Each structure stands twice: as structure tokens, then as C-alpha cells.
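Accompanying notes for the structure given below.
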Amino acid sequence: MSRDPKRRIFLIATEESGDRLGSALMKVLRQRLGDGVQFVGVGGRTMAREGLQSLFPIEELSIVGFAAVVQQLPKILRLIRETADAVTAAAPDVLVIIDSPDFTHRVARRVRSRSPAIPIVDYVSPQLWAWRPGRARTMLGYVDHVLGLLPFEPEEYRKLGGPTCSYVGHPLIEQLSSLRPSAEEQKRRDGKPPVLLVLPGSRRSEVRHHLDVFGATLGRLRGEGCAFELMLPTMPHLEATIREGVANWPVKPQIVIGENERRAAFRIAHAALAKSGTVTLELALSGIPMVTAYRVGAIEAFILRRAIRVSSVILANLVIGKDVIPEYLQEACTPEQLAPALAALLTDSPLRRVQVEAFAKLDQIMSTGNTSPSVLAADIVLATMRQGRRTS
């Protein structure tokens, strides 16, 4: 089988989740192209293991919250400029931007204006189906193909007049074996007392917004006579923040550290109290009924209230197409509202049964057949690269 001549692929991923996607993509691209590919760009540790030397450490962009972004704006703008300069200097056969649209799309726009012949693939759609739908038409000017992780996204792009979007599948569907219980673990999931997961967020600012109200909710639940075994999975970089934050909780959780331990906790969990986000889809695919909550700062809340255009901010609800998971946002995120909803999930209640039945449909809804998401993504990147881009 003949190989393509040496191809240069520029990838940009500035968060850990994007770094994992980029690494899986690089692995398949190297299988397809062998020694005929060179990777350049921005990425983290897992992309580095696949041969990428990052322009800068992605930790420099670990910025959350409006105030923090304002303070760091000069550095962010400098990194956007330097990354765009590096892309145009490298003159790659294709540019793949991965998630982090506030950064990657600004780079892509600069690249398109300077080097319009470079095809651009966007891996992970921004949430334009939730807010700022006008971005779809804007993206048409600097993105050639969008790789969607959610099955409803291609139709959203079609309706909104954006670039071509293909559903390639969510990386979680490749990880189902690590999320779902063995026969022995299922016995513990169904056993007494039920294991209750509490998931306050994956960033320090999120954790600080949620820990107090989550702790008060669990105290209220225990005070009302509910028995449960409490587990709080987190990652090493958040351990100190978590331990400090739960020190005064009326119910002490078992804190489990690291991804393997986290997945093990998922496999025995009976229910969860979770911060809204990707974790809701992870819980749903694991078959764990949940109550979700979300609190942000006053400025962010003001902006989001005026921007959100969907009935639910819960990813699992959006994929299922029905609001089966209750969500308690901002002022509604109180122990008085969270505790009764959570208590219902610890029994064989209608709320629990509705969620379990809906989650059972997710495999079919999110199926990509027998082809993995990273393979589908790589095939589209290669097709876009080979087709090139007409600039006339």
C-alpha cells in the first residue's frame, strides 16, 4: 500500500479533555500515515507522548471565571497571536482545533485571514445549540468541517447555516467497560446502604461554588433518616481544596483520588449529586440516576441567563431529548430543594425509574456502529486535508 508524502498536521488543544482527544486522533493518523506525518502545535502530556512538542504548557491557559480572564487577558492575547504566527509559519496541510473555542477559534480566524488555503477542522463543537447560535454562520468563514461529539449537532449546524458537521461520537462511548459494573459490582450498586456519589466539579472555582451547599444538602439528607455511603471522587490537583472544603461537612465522604478509583466508584454507585457538565453524560452512560446543580458567580449568572436558549443545560437531557434529570441552578441550588430530590433517588421512586429507563436508550442514540470516534475523526481530517481548500 502506498504512503502519502510527508504531511504536516497542526493541532491545538489547551485543556486536558482536548489533550486526550488529540492524542487518540494522533494515534490513528500515525497508523494511517506511518512515518509520513509530522505533528506540530499545542497540547498536553498525552499528546506529547504521541510525539507533539507543545509551543507552550497548556497549564498557562487554566483560567476560569470572568475576573481571572480579565486579569490574564494580555497573556491570553499574546498566546493567541504567537500560536497563529506558528501555524502560518508551519504552513501545515491541515489545522485541527480541539475544543476551547475562546482560544482556538480566535487562532483559526487569524490563520484563515492570513493563509486561506490551510483547511481547518474543528474537533468538538462549541455549544452554539445552547447559546450564541449566530456563531454557526460566523464559523462558516473559517472552519471547513466540524466533528461533533453529540448526535444532534449535525442537524443544529444545518438549521443554523453553519459549516458541515459530522457526528463522530463521544469518547465516553469507547470507555463503557470501565464505567459499567461487573456482576459483583452490581451487587454492591444494589446493596445497602446505597453508595451516593457527590461530584462538585473539576475546577477549583466550581468546587468552591458547590461544596458548602452540597455539604448542607447531605447533612439535611442524613438528618431526615436517609442512610447512604458517601463517596467523593476527585483528581490529585484538587485533593487539598476538597479536603479543606469538606472538613466541616456533617457527613464525611470517602475521598477517592485518580481516574481509576473514580471509575471504580462509578461502577458501584446507586445515585449521584453532581455539578452540571460532561459528568452528567458520564453518569447517565454508567446508569447512575442523579440530581444536578450549578452555581456560578453573579456576573457569569447575569450573562448566562440572557444567553441560554435550551430548556435544559444538562448534556444527558439534551442527548436523550427529554428532561429526565432534575437541575437546580443558582437560587434554586439550595439544600431545601436538593435534599428531597436526592432522597427520591435512593428509593425505587418514579423519578429513579424514569432516569434508569431513559439511560438504557443512550447506547443506541449515541452509537457510531462498529467504528470508534477517533477513527471516524481521523478519516474526516484526512479527507479534508487531501481535498485541500479552494480559495478562489
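This one's a predicted model, so the numbers in the text were calculated from it and none came from an experiment. Along the sequence shown, the residues carry numbers beginning at 1.
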Quiz item: Is the backbone of L211 close enough, under 3.5 Å, to the side chain of W249 for a donor and an acceptor to pair up by distance?
Solution: yes

Exercise. State whether the side chain of S54 and the backbone N or O of G43 hold a donor-acceptor pair below 3.5 Å, judged by distance alone.
Key: yes

Quiz item: Out of curiosity, does V28 fall in the hydrophobic cluster containing V381 (side-chain heavy atoms, cut-off under 4.5 Å, transitive links)?
Solution: no

Quiz item: Can R158 and E155 be said to form a salt bridge (Lys or Arg N to Asp or Glu O under 4.0 Å), step by step?
Solution: CA-CA 5 Å; R158 190 193 64 76; E155 177 60 15; 2.5 Å; yes

Exercise. Using a cut-off of 6.0 Å, state whether more than 12 heavy atoms not belonging to Q38 lie near its atom CD.
Key: yes

Quiz prompt | Crowding at CG, D212 (>12 non-hydrogen neighbours, <6.0 Å) | solution = no

Quiz item: Do R189 side-chain atoms and F266 backbone N/O form a donor-acceptor pair below 3.5 Å?
Solution: yes

Exercise. Measure from the side-chain N and O atoms of E153 to the backbone N and O of L149, and report whether any donor-acceptor pair falls under 3.5 Å.
Key: yes

Quiz prompt | Test item: S125 and L150 side chains (from C-beta on) under 4.5 Å apart, heavy atoms | solution = no

Exercise. Give the C-alpha distance, both sets of side-chain angles, the deciding distance and a yes or no for side chain to side chain contact (heavy atoms under 4.5 Å, CB included) between V198 and T217.
Key: CA-CA 11 Å; V198 57; T217 296; over 6 Å; no

Quiz prompt | CG on D122 to NE2 on H145, rounded to 0.5 Å | solution = 10.5 Å

Exercise. Using a strict cut-off of less than 4.0 Å between a Lys/Arg side-chain nitrogen and an Asp/Glu carboxylate oxygen, indicate whether R353 and E357 qualify as a salt bridge.
Key: no

Exercise. Search all heavy atoms of R262 against all heavy atoms of P233 and return the closest pair with its distance.
Key: CG-CB, 3.6 Å

Self-check item: Cluster overlap V251 with L232, hydrophobic side-chain contacts below 4.5 Å
Solution: yes

Practice problem: Just do the side chain to side chain contact (heavy atoms under 4.5 Å, CB included) check on I118 and F10 with the steps written out, would you? | Solution: CA-CA 10 Å; I118 298 173; F10 203 110; over 6 Å; no

Quiz item: About how many Å separate CD1 of I58 and CZ of R45, when rounded to the nearest 0.5 Å?
Solution: 7.5 Å

Quiz item: Can R110 and D85 be counted as an ion pair, charged N to O under 4.0 angstrom?
Solution: no

Quiz item: So, E184 and R267, do they make that salt bridge, N to O below 4.0 Å?
Solution: no

Quiz item: To the nearest 0.5 Å, what is the distance between OH (Y123) and CG (L11)?
Solution: 11.0 Å

Exercise. Please report the shortest heavy-atom distance between V213 and C333, naming the atom on each side.
Key: CG2-O, 3.4 Å

Quiz prompt | Residues R220 and E224 bridged, charged N to O under 4.0 Å | solution = yes

Quiz prompt | Common cluster, L196/L351, ILVMFWY with side-chain heavy-atom separation under 4.5 Å | solution = yes

Quiz item: What's the shortest heavy-atom distance between E174 and S374, and which atoms?
Solution: OE2-OG, 3.8 Å

Quiz prompt | Salt bridge present between E259 and R20 (N-O < 4.0 angstrom) | solution = no

Practice problem: Let me know which of N317, L283, V291 forms a side chain to side chain contact (heavy atoms under 4.5 Å, CB included) with I325. | Solution: N317

Quiz item: Going from CE on M366 to CG on L176, what distance comes out if it is rounded to the nearest 0.5 angstrom?
Solution: 9.0 Å

Quiz item: Is there side-chain contact between I320 and F359, with heavy atoms separated by less than 4.5 Å?
Solution: yes

Quiz item: Under 4.0 Å between a Lys/Arg side-chain N and an Asp/Glu carboxylate O for D19 and R49?
Solution: no

Quiz prompt | The single option from D99, L95, I98 passing side chain to side chain contact (heavy atoms under 4.5 Å, CB included) against I12 | solution = L95

Practice problem: Considering non-hydrogen atoms only, spot the tightest contact between P126 and H105 and give its length. | Solution: CG-CE1, 4.0 Å

Practice problem: Any chance you could lay out the side chain to side chain contact (heavy atoms under 4.5 Å, CB included) test for F152 and V319, step after step, and finish with the verdict? | Solution: CA-CA 7 Å; F152 59 82; V319 173; 4.1 Å; yes

Quiz item: Can you list the steps and then say if R208 with E244 is a salt bridge (Lys or Arg N to Asp or Glu O under 4.0 Å)?
Solution: CA-CA 10 Å; R208 292 190 181 106; E244 180 185 352; over 6 Å; no

Self-check item: Test salt bridge (charged side-chain N to carboxylate O under 4.0 Å, His left out) applied to E82 - qualifying residues, sequence neighbours left out
Solution: R78

Quiz item: Are the side chain of S367 and the backbone N or O of D363 linked by a donor-acceptor pair below 3.5 Å?
Solution: no

Practice problem: Taking all non-hydrogen atoms of both residues into account, name the closest pair between V37 and K6 and its distance. | Solution: O-NZ, 3.9 Å

Quiz item: Are I365 and Y167 linked, directly or through other ILVMFWY residues, by side chains that come within less than 4.5 angstrom of each other?
Solution: yes

Quiz prompt | Atom of V356, atom of P289 and distance for their closest heavy-atom approach | solution = CG2-CG, 3.8 Å

Practice problem: Answer yes or no: is there a donor N or O on one side and an acceptor on the other, between the side chain of R7 and the main chain of P92, under 3.5 Å? | Solution: no

Practice problem: Answer yes or no: is there a donor N or O on one side and an acceptor on the other, between the side chain of Q175 and the main chain of P171, under 3.5 Å? | Solution: yes

Self-check item: Polar side chain donor-acceptor pair, T384 to Q387, under 3.5 angstrom
Solution: no

Practice problem: Could you tell me whether the side chain of D144 and the main chain of V121 form a donor-acceptor pair under 3.5 Å? | Solution: no

Quiz item: Ignoring hydrogens and geometry, is there a side-chain-to-backbone donor-acceptor pair from K192 to A227 under 3.5 Å?
Solution: no

Quiz item: Which value, rounded to the nearest 0.5 Å, describes the distance between E327 atom CD and I314 atom CD1?
Solution: 4.5 Å

Practice problem: Please check if V207 and M235 belong to a single hydrophobic cluster, counting links between Ile, Leu, Val, Met, Phe, Trp and Tyr side chain heavy atoms closer than 4.5 Å. | Solution: no

Quiz item: Between the main-chain N or O of E185 and the side-chain N or O of S182, is there a donor-acceptor pair closer than 3.5 Å?
Solution: yes

Quiz item: Quick one: does M231's side chain get under 4.5 Å of I268's, heavy atoms only?
Solution: yes

